[in-house]
Amino acid sequence: MIKLISDYGICSLWDVWLDDFKSDVADFKNISMKPLGDCIIAAKFLEQFIGNHPNWAHLDIAGVAFGNVGYAKEKAATGFGVQLLADLIENYH
């Protein structure tokens, strides 16, 4: 897992982000009004549902999920993240 962390980076999930999820009408809201930290906010939101499980991951691939690819005339699925998951399964199962 250390190789994956060093290759792909990790998000710091400080509790300071928890205030972004307070809601008057729901348990949590899934959006922050801050202009930065979107992947950290998404990971911190997901952390609320893992029940303190120590092993979990958030792959923020939305921005690169679709793009210009050699096999299609228009933007299509890039497959970004597939190699990351394959490496994880092969080396750390």
Side-chain angles (χ1 to χ4, degrees):
M1 193 63 164
I2 299 300
K3 177 187 178 298
L4 292 175
I5 290 170
S6 64
D7 287 352
Y8 300 103
I10 58 172
C11 295
S12 298
L13 299 178
W14 299 305
D15 285 339
V16 68
W17 298 100
L18 284 174
D19 287 341
D20 290 359
F21 305 113
K22 291 182 181 176
S23 171
D24 294 335
V25 296
D27 293 334
F28 301 103
K29 63 179 180 177
N30 66 347
I31 189 169
S32 171
M33 300 314 288
K34 292 181 180 170
L36 51 89
D38 291 341
C39 68
I40 296 169
I41 292 166
K44 192 66 178 173
F45 175 78
L46 294 173
E47 183 185 46
Q48 307 309 302
F49 302 96
I50 61 163
N52 294 322
H53 193 284
N55 300 316
W56 68 282
H58 168 242
L59 303 179
D60 190 15
I61 62 169
V64 295
F66 290 91
N68 296 323
V69 293
Y71 63 85
K73 292 181 181 181
E74 297 183 14
K75 289 187 176 186
T78 64
F80 183 88
V82 173
Q83 188 62 51
L84 170 68
L85 294 175
D87 288 348
L88 179 68
I89 292 167
E90 287 179 2
N91 297 303
Y92 302 99
H93 64 287

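The structure presented is a predicted model; accordingly, all values stated were derived computationally and were not measured.
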Do Phe80 and Leu85 belong together in a cluster built from hydrophobic side chains that touch within less than 4.5 Å?
yes
Following the transitive rule for hydrophobic clusters with a side-chain heavy-atom cut-off under 4.5 Å over Ile, Leu, Val, Met, Phe, Trp and Tyr, establish whether Val69 and Phe66 coincide in one cluster.
no
When clusters are formed by joining ILVMFWY residues with side-chain heavy atoms under 4.5 Å apart, either directly or through shared neighbours, do Ile50 and Phe45 land in the same one?
yes
